[in-house]
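Have a look at the structure below before the remarks.
Numbering of ligands and ligand atoms starts at 1, following listing order.
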Amino acid sequence: MTHKIAILPGDGIGPEIVAEAVRVLRALELPLELETAAVGGAAFEASGHPLPEATLALAKAADAVLFGAVGDWKYDKLERALRPEQAILGLRKQLGLFANLRPAICYEQLTHASSLKPELVAGLDILIIRELTGDIYFGQPRGRRTAVDGHFPGAEEAFDTMRYSRPEIERIAHVAFQAARKRRGRLTSVDKANVLETFQLWKDVVGEVHAQYPDVQLDHMYVDNAAMQLVKAPKAFDVVVTGNMFGDILSDEAAMLTGSIGMLPSASLDEHNKGLYEPSHGSAPDIAGKGLANPLATILSVAMMLRYTLQQAEAAGRVERAVQSVLAAGLRTADIWSAGTRKVGTREIGDAVVAAITGKTIAKTS
Ligand code: IPM
Ligand code: MG
């Protein structure tokens, strides 16, 4: 069976990192049909909208989407509906991609790239599961108006709505418990139940769903404490589940523990495991087009695509082992470079991963 993959490179470093991930995907020689479309600022330039109908239709028809990155400061003055970020938010919503999996793994060779002491992060392997289609990101009503009450009646004010329904919490809780069961059996649910009604419901519902997973150890933690524990003793975590906004923040924090956000893939899944796969980092316009960006997060996103959507665990393993061997050979982009390793560009990393997959050996550098 031929799977259809939509390739959406986007803006900034998106096109160059996606190009390497596509070469890796092709090197596997699987029956795949790839089709590329514009998204984000690139799509706005070409057709006046960050998520054109044709791009959305392609993404809907595909079995999986490989996404680069969107955004550039030059679009910050556009009205919100036309900004590049609306493309990724629109895809998440329109495709029902409610479960965002963001692993934070500290590779043995990169322990010293972390801003934390090596002993705190050596062997780190956390999975952050972020709810992706609800919360204050999508809650209505939202907008600007003249305040009728509050501290300054008559003043201009802006407001957003934080909200979660029971079924939204239940389905992400099931994803999280099932993931924990396949790992070390520990789940931390992060909330702000001490202040917010939304997260009191979150905590109650996660606790109820726990009854179906007695083999998983569940803890509840307030988000401020979770932010602190992540830098104090990150290895105490196994799987973390939280809402859209807290997950946005904590997943960046967890990413940095590993040394570089340039190493971290992500999967955004719907209820049938159809998914959008993207690096956890952004479009980095400052280094776009220079061939300096680290393509490994995008290449590892391909591995997640193989595992979760295409059910090709063996091929996923090949990609992951190829990445490990490239790191072991001492090749590094600037973001993960350290003394004694060889600094190379985006293309060379892609070449090396492809060579490792197709069985050619890479010379060890020191
Ligand atoms: C992320 C990003 C997005 C988000 C932006 C680009 C809209 O920060 O995927 O974490 O806030 O979800
Ligand atoms: Mg983010």
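- Which of Glu278, Arg83, Glu85 comes nearest to atom 7 (C) of ligand 1 through a heavy atom is settled by distance: it is Glu85.
- The closest donor-acceptor contact from the side chain of Asp135 to the backbone of Gly243 lies at 3.5 Å or more, if one exists at all.
- Val319 is connected to Ile105 through a chain of hydrophobic side-chain contacts under 4.5 Å among Ile, Leu, Val, Met, Phe, Trp and Tyr, so both are in one cluster.
- Side-chain contact check for Glu131 and Thr133: at least one donor-acceptor pair (N or O, by modelled atom type) lies under 3.5 Å.
- The contact set between ligand 1 and Arg130, taken as ligand atoms under 4.0 Å from a residue heavy atom, comprises 1 (C), 4 (C), 9 (O), 10 (O), 11 (O), 12 (O).
- Contact check for Lys343 versus Thr333: no side-chain heavy atoms found under the 4.5 Å cut-off.
- No part of His281 comes within 4.0 Å of ligand 1, judged by heavy-atom distances.
- When hydrogens are left out, the protein atom nearest atom 4 (C) of ligand 1 is Tyr137 OH, 3.5 Å; that is the closest non-hydrogen contact.
- No donor-acceptor pair under 3.5 Å is formed between the side chain of Ser114 and the backbone N or O of Gly259.
- Backbone and side-chain nitrogen or oxygen atoms of Arg102 are examined, and one is located within less than 3.5 angstrom of a nitrogen or oxygen of ligand 1.
- Only side-chain heavy atoms of Arg92 come within less than 4.0 Å of ligand 1; its backbone N, CA, C and O stay farther off.
- Considering only non-hydrogen atoms, atom 2 (C) of ligand 1 lies nearest to Asp248 out of Leu132, Asp248, Ile249.
- Shortest distance from the Mg ion (ligand 2) to Asp248 is reached at OD1 (N/O/S atoms only).
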Glu197/Tyr164 under side-chain hydrogen bond (donor to acceptor under 3.5 Å, both in side chains): CA gap, chis, key distance, verdict: CA-CA 10 Å; Glu197 284 306 321; Tyr164 266 124; over 6 Å; no
